[in-house]
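Have a look at the structure below before the remarks.
To find a chain, count down the sequence lines: A is the first, B the second, and so on, and within it residues start at 1.
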Amino acid sequence: MPDVIGAKPRPSLEQSPPPTDAVKTGPLTGAAPGPEASGAGGAPSLPGTSRYRSVNPLLELTLARIREFVREPEAVFWVFVFPVLLAVALGIAFRETGPATVQVAVEADGRQGPGSSSGRLMEWLEGRSDIEAVLLSPEEAARALRTGRVALVLQPSPSAAAATGNPETGETGSPPRPLTDLDSEGLVYRYDPTRPDSRVARLVLDDALQRGMGREDVARVRDVAVAQPGARYIDFLIPGLVGLNLMGSGMWGLGFAVVQARTRKLLKLLAATPMRRTHFLLSFMLSRLIFLALEVVAVVSFGWLAFGVSVHGSILELGVISLVGSMSFAGLGLLVAARTRTIEGVSGLMNLVMLPMWLLSGTFFAATRFPEFWQPVIQVLPLTALNDALRANINEGLPLAASLPDVLVMAAWGGASFLLALRWFRWQ
Amino acid sequence: MFATASTQPANVSEEVALSCRSLVKHYGEVVAVDGIHLEVRMGECFGLLGPNGAGKTTTVEIFEGLTIPDGGRVEVLGQGWGEGNDRALRERLAVQLQETQFADRLTVVETIAMFRSLYKRGWEPDEVIRLVELEEKRDARVGKLSGGQKQRLAIACALAAAPDVLFLDEPTTGLDPQAKLQLWDLIETFRSRGGTILLTTHYMEEASRLCDRVAIMDHGKVIALDTPNALVESLGADEIVEFSLEGFVADDRLSRLPGVRGVRSRDGNYLLTVSSVAEALPALLAEVEIHQARLVGLTTHTATLEDVFVTLTGRKLRDA
Ligand SMILES: Nc1ncnc2c1ncn2[C@@H]1O[C@H](COP(=O)(O)OP(=O)(O)O)[C@@H](O)[C@H]1O
Ligand SMILES: [Mg+2]
């Protein structure tokens, strides 16, 4: 096949006839023969040629993106395996352990046995199912409090007024005998009042001790336990992880690929071809579509199988929300990479953009916990919008219309950043 | 697969493919291109020969429409850049850049197919793969190719566009001799079919073998421009005598020796352009004897483009 290159009439400036139009004809057969072409023994038609008949640049560029991504094991790990591992770890850390207990330490007061007041307190607390107590030396207790192993330290009365009453032993299995024998003066609760678990521990422990020492309740109340589906921490967490994952993979996936192509001068080479800029940038956005579906399915189905987190809303609408969210992060990723020349540079920018959203956008705890005057900012962050919309769908089963403002916020981020990226994009 | 093309410039036409006048490009204080004029005709293989930093890449990238010049007029296929027709113009050009690294994780055929898809017309990837003799590597990852294979891939991507004009920026730099020969064959084939080539190189063998005409560049200027043969003939000498001396002999003494046309010396290294080695050599030895100097090394060779560069600048292409 000697006549591939230049097997065409001499190009003339006014009208250069096509060497071949591969869309319509085979590459060689359609060519006007050059001087030697007739002697070349005819154009061979190659096996496999038709596989690459596709000449849609957007499709080819998108395919190239997808191939590059799936052939990179690290990327696959971060996108598919990492969020699942994160869900496992957090799911285990915050798993439901029946009715919650509070963890307290009782300071040992030197003396041992049932005769000491700390021993007496330990003995009494043993019988309570809602309080878990450990007997520790003052130093150990302080340390346990500091490291979060206990929520509160109970220091018995220094007056050592223990065991003044009748030291009869309670029968096993019977409710613990009242604490009336204990000195009611000088008990100390040591705890950090800004720690929520410490405050709970104080309330529970104090209530138990006061009643044990004989306090009578004034009002008659009745507790009704309600088990609300979708109200566990893991239910809250899974949609947040989906959102977080869409942000991370969208931004890293695009930002890195673009900057790498720039440092390798591939962008410059592409700029020398007739490729349309929009095709190039769109190919990145489109390649995200494929992975988007896989990512969402991976995390959601893991949550369902491992923790029974079910999707209450419409699956189709969940898809729409994920799509819009993903596109908004793809746009941001392109924008961050639009002018950056080095991998280090883009990593820094990426963290700068993503870190606030990691913290503020309500992935691990509700964004509404932040002060009121931050809320206007927090609520227009794309990840907040995505997380809210995902939770409305997955946990609450609300229709898409209820999340319309969130969807609009995401679409605005995506559209604006795509247009800016297109405008500012640096090819060299 | 294809016969080595003949080198006679059979199909160079009168039509101008590329031209520039008074082209200037600054980078801060550096004047990368300093007012050059060039004209490349259709079907011609035109070479820019010069050392690193001469301004070759900058010149080519201005023609490619990748760099905007600070001054001067550029025409590519009768058109200027930025006149609203750039995309149509790019359909007819193809480019190989000095430093492109293709995506490692794509295969050869995927890479070519992607570039092919960017042009309205062109050759099927498999045809181009055969042409550049990468059939065995068709489905291999780009990251696994050797330097020569990568360079052939770069050219394959360019050829897939079936361009009228091909830009090659140091296509064989860093390649081993065999890979170099393969690439030269490829370039000659493209040219022999009527393609126009603008090529940069700092290898004088490459310029004299491939190019119909060569512009020698140094410090952003064109210091000589002609066919390789005419440039060598302009030395007025067939042979070059190079030697080093311990001791000193004045240049003008040497230039008066029989058969010597010119003398260049630098730090005890001498380069004589001579019309006849047989005549010049005995006289040279006698002259050295008279000055009680000692010859350290002496070589003779037929004159090349390298000698043209040395004669014009006093430096060698490689270490300029
Ligand atoms: N982007 C750039 N920024 C700054 N200086 C540049 C840039 N490109 C080229 N130069 C300078 O311009 C001069 C010519 O460079 P170049 O055209 O690359 O030479 P060549 O290709 O002949 O080696 C060099 O001195 C180089 O340092
Ligand atoms: Mg260069």
Problem set entry | For the student: nearest non-hydrogen atoms of A:Leu269 and B:Leu97, plus distance | N-CD1, 3.6 Å
Exercise. Looking at B:Glu91, B:Glu64, B:Gln96, which has the largest count of heavy-atom pairs under 4.5 Å with chain A?
Worked result: B:Glu91
Seminar exercise, completed: chain A shares the most heavy-atom pairs under 4.5 Å, among B:Asp104, B:Asp86, B:Thr111, B:Leu89, with B:Asp104
For this session: Tell me, for B:Glu61 versus chain A, whether the close heavy atoms (under 4.5 Å) come from the side chain, the backbone, both or neither.
Result: side chain
Exercise. For B:Glu83, does the CD atom have more than 12 heavy-atom neighbours from other residues, nucleotides or ligands under 6.0 Å away?
Worked result: yes
Seminar exercise, completed: Applying ring-ring contact (aromatic ring centres under 6.0 Å, His included) to B:Phe102 and not counting sequence neighbours gives B:Phe115
Seminar exercise, completed: Answer key: most heavy-atom pairs under 4.5 Å with chain B among A:Gln428, A:Gln260, A:Lys268 is A:Lys268
Exercise. Taking it one step at a time, do B:Gln101 and A:Thr263 satisfy side-chain contact (heavy atoms from CB on, under 4.5 Å)?
Worked result: CA-CA 9 Å; B:Gln101 293 171 271; A:Thr263 58; over 6 Å; no
Problem set entry | Region of A:Glu68 in contact with chain B, defined by heavy-atom distances below 4.5 Å | both
Exercise. With side chains defined as the heavy atoms from C-beta onward, is the minimum distance between A:Arg276 and B:Arg87 less than 4.5 Å?
Worked result: yes
For this session: Look at atom CD1 of A:Ile343 and say whether more than 12 heavy atoms of other residues, nucleotides or ligands are closer to it than 6.0 Å.
Result: yes
Exercise. Going by heavy atoms in the side chains, are A:Leu61 and B:Met114 under 4.5 Å from each other?
Worked result: yes
